[in-house]
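Heads up: the structure comes next, in structure tokens.
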Amino acid sequence: MAESSSDDHLIERLRAMEPAAWDRVMHTYKEGIFFACLGQTRNRADAEDICSQAFLRAVRGIGRFRGDSSIKTWLHTIAANLCHTHRRRHGENRHVPLDEAPEKALEAEIIAADHVVGRAEIRTALVSALDLLDPVLRHAFHLRTFEEMSYEEIARVTGVPVNTVKTRIFRARERLQRLLAEYR
Amino acid sequence: MMTCEQWREDISAWIDGELSQYQTREVAQHVKTCSDCRRVFDEFRQISALSRSQPIPTVSPHVTDAAMALVRAAHERRSFWRETVLSFSWPKLTLAVCGTALAGVLALTFAQGMFDNPYAPSKSSGAPASVAATGSPTGSSSDHVIAGELSVADASQGTTRVTAFAHSLGGEAHTVAGVRGSTVFVTIPSGARDTFISGLSGLGQWHGSVQPTAVDGSLTVGIKIVEQP
């Protein structure tokens with residue numbers, strides 16, 4: 001997605017290292033970046049650390065940012081790369097292969113709950129279900145659902161073709177649908 | 001013909017508004033006629049709605065501290081540069097550059113005059129300008145001129161001996177400035193003239209003079225080494 005003229009102006013100010021401009025950008029995107037990192041790492045401390053590193057990288061790399069994507073997409077790309085490195089270093093303990101049936105774990109939780117299911121419970125179940133998703137599916141779903149990014153933007157962030165993004169989001173929904181079947 | 005599985009991938013994209021008008025019409029038509037896909041469509045939408053209703057976790061306010069510190073440091077560096085250099089008006093800047101250049105030229109001219117020595121090793125000529133003729137002081141027309149010829153028993157060893165001699169007087173700041181052919185150039189302080197000449201005389205027969213009158217009192221003498229007849 002090309003930058004608008006207001007974004008162009010903002011990028012100029014970021015390049016000029018204007019604290020007010022950077023403060024605005026960080027304030028606008030820090031929650032989203034953090035949430036995306038949390039979705040990837042499933043660990044608050046790690047997510048905050050990666051978020052912090054992502055902003056540092058952004059400051060150092062603003063000179064190389066050509067503005068051919070939005071600032072938001074650019075920041076999420078930096079964060080996604082850091083999350084990827086983090087997963088490689090620390091292992092993908094939470095990685096669940098697509099051909100397995102992780103829903104069994106959630107099913108057990110659901111049965112154990114054994115009470116009238118309210119909205120709060122469904123939310124809790126959704127968090128658990130998201131936790132069981134493959135990280136790449138979760139990331140694509142997260143960027144679409146919480147960051148409201150287009151498939152093209154998600155493709156930029158994750159470095160895969162748009163069709164792959166489409167499939168990943170579909171797979172994520174399909175799996176969540178099965179994991180949450182008990183609540184319907 | 002597309003399977004329901006394939007339709008569902010499009011249903012997911014439809015919910016996200018990622019289909020073309022044509023694709024949207026096609027999917028909508030299929031959903032109308034397929035109850036299973038209609039159910040999937042509803043469930044996908046519910047999942048999206050439920051996901052969006054999740055509270056966004058708050059992040060520590062310190063998560064941007066390091067990056068902001070970097071920004072502020074860079075900003076201060078740039079401000080300093082702008083205020084000290086770029087804030088010059090063009091006339092001021094031109095004046096400053098010209099002034100600096102003029103000062104540089106004057107300094108170079110002064111330094112050249114101060115340290116100019118006709119006996120210093122020359123890069124352009126093969127030999128010193130006027131190393132003394134035997135038996136007489138050379139270049140006596142200039143206050144700065146001191147040079148002479150040292151006749152030693154073994155001319156091949158003369159250069160080494162003079163050099164060693166100059167070094168031996170190091171306490172008085174004798175330094176060997178260079179050697180060109182059979183001439184050694186030694187820098188001596190003015191007050192060491194007599195010591196230096198007597199030392200040279202100890203090495204062989206010295207013909208020449210040392211008249212240190214340079215501004216800082218030191219100068220370089222050229223000593224031509226010849227074999228004693």
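When reading the values below, keep in mind they use all heavy atoms of this one structure, side chains included, and skip hydrogens, waters and symmetry mates. Order of the sequence lines sets the chain letters (A, B, ...), proteins ahead of strands, with each chain counted from 1.
- For chain A, the nearby parts of B:E5 are the backbone and the side chain; heavy atoms of each come within less than 4.5 Å.
- Contact count versus chain B (heavy atoms, under 4.5 Å) is highest, among A:K30, A:Q53, A:R144, A:R60, for A:R144.
- If you run salt bridge (Lys or Arg N to Asp or Glu O under 4.0 Å) between B:D16 and each of A:R173, A:K166, A:R168, only A:R173 comes through.
- Atoms CG and CD1, from A:L179 and B:I47 in turn, are 9.0 Å apart once rounded to the nearest 0.5 Å.
- A:F146 touches chain B through its side chain: at least one heavy atom from C-beta onward sits under 4.5 Å away, while N, CA, C and O do not.
- Rounding to the nearest 0.5 Å places CG of A:L176 at 13.0 Å from CD of B:Q46.
- Although no hydrogens or angles enter the test, the distance criterion places a donor-acceptor pair under 3.5 Å between the side chain of A:E48 and the main chain of B:S60.
- Across A:V59 and B:V71, no two heavy atoms sit closer than the pair CG2-CG2, 3.6 Å.
- Proximity of a side-chain donor or acceptor of A:Q177 to a complementary backbone N or O of B:E43 within less than 3.5 Å is not detected.
- When heavy atoms are compared at a cutoff of 4.5 Å, A:R57 does not approach chain B at all.
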Worksheet item: Between B:M68 and A:M26, does a side-chain contact (heavy atoms from CB on, under 4.5 Å) hold up when you go through it step by step?
Response: CA-CA 9 Å; B:M68 279 309 296; A:M26 291 185 202; 3.8 Å; yes
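- Both the backbone and the side chain of B:E9 come within contact range of chain A, each with at least one heavy atom under 4.5 Å from a heavy atom of that chain.
- Here the shortest heavy-atom pairing between A:L38 and B:P57 reads CD2-CG, 3.7 Å.
- Nearest approach of B:E18 to A:S150, heavy atoms of both residues: OE2-CA, 3.4 Å.
- Note on B:I15, B:D10, B:I11, B:D65: by heavy-atom pairs under 4.5 Å with chain A, the leading option is B:D10.
- Both the backbone and the side chain of A:Y151 come within contact range of chain B, with heavy atoms under 4.5 Å apart.
- Pairing each heavy atom of B:S12 with each of A:I169, the nearest pair is OG-CG2, 3.9 Å.
- In this structure, A:I122 CD1 and B:S53 OG are separated by 9.0 Å, a value rounded to the nearest 0.5 Å.
- Taking CG of B:L70 as the start and CE of A:M17 as the end, the distance is 6.5 Å to the nearest 0.5 Å.
- How far CZ of A:F34 is from CD1 of B:I56: 10.5 Å, rounded to the nearest 0.5 Å.
- With contacts defined as side-chain heavy-atom distances shorter than 4.5 Å, the pair B:S51/A:H142 does not qualify.
- Taking both residues in full, the closest heavy atoms of A:R123 and B:L50 are given as CG-CD1, 4.4 Å, listed atom of the first, atom of the second, then distance.
- Only the side chain of A:L130 comes within less than 4.5 Å of a heavy atom of chain B; its backbone N, CA, C and O stay farther away.
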